[in-house]
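Below you'll find the structure, written out as structure tokens, and then a few comments.
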Amino acid sequence: KLIGILDLANIGYRNIDARALITGFQFLQAYYPERLAKFYILSMPWFFVSAWKMISLFLEKATLEKVVIVSSQDERKTFIKEIGEETLPEEYGGRAKLIA
Amino acid sequence: LKAKKIYLQVPSKNGQPVLIIQANKHFP
């Protein structure tokens, strides 16, 4: 199982393609069920909230339960703790280097 | 998924790989 982190800090309003996201999620949950441990969404901009509400209507309950939208300070602390500071890159509050 | 940068950090605290997707103007 893997943990997904989606950083939306640099996304723009024009880049939102809800249809592509729905297709992507549906593909992954149909062909790779149970491969996702958790999916964290960071820095979700306000204009993405309504898009996410629509996208989530098309996702399975089991998938949605794994998605965590990190917005508050408490959620951020839990996110860092669950990934582990050793693994999490510095820009997300950990101590690791981000190496492709 | 045409994201700007995709990273795979291995392993996390409990041994699970971590996939990091940084979205930008090419997303999704």
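In the text below, chain A, chain B and the rest are named by the order of the sequence lines, each starting its count at 1.
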Test item: A:Lys38 side-chain N/O and A:Val68 main-chain N/O as donor-acceptor pair under 3.5 Å: no
Side chain proximity check, A:Ser43 to A:Asp7, heavy atoms < 4.5 angstrom: yes
Side-chain touch A:Asn10/B:Gln22, heavy atoms, less than 4.5 angstrom: no
Cluster overlap A:Phe27 with A:Leu2, hydrophobic side-chain contacts below 4.5 Å: no
same_hphob_cluster(A:Leu6, A:Val67) at 4.5 Å side-chain heavy-atom cutoff: yes
Step-by-step salt bridge (Lys or Arg N to Asp or Glu O under 4.0 Å) determination, A:Arg95 to A:Glu90: CA-CA 5 Å; A:Arg95 288 197 296 269; A:Glu90 286 165 348; over 6 Å; no
What's the shortest heavy-atom distance between [X] and [Y], and which atoms?
X: A:Ala37; Y: B:Gln16; value: CB-NE2, 3.5 Å
X: A:Gly4; Y: A:Leu36; value: N-CD1, 4.2 Å
X: A:Ala96; Y: A:Thr87; value: CB-O, 3.3 Å

Residues of residues 74-83 of chain A contacting chain B, heavy-atom criterion under 4.5 Å, by residue number: A:Lys81, A:Glu82, A:Ile83
For chain B, which residues of residues 50-63 of chain A have heavy atoms nearer than 4.5 angstrom: none
Residue part contacting chain B, namely of A:Tyr40, when any heavy atom lies under 4.5 Å: neither
Ring-ring centroid check A:Phe25 A:Phe39, cutoff 6.0 Å: yes
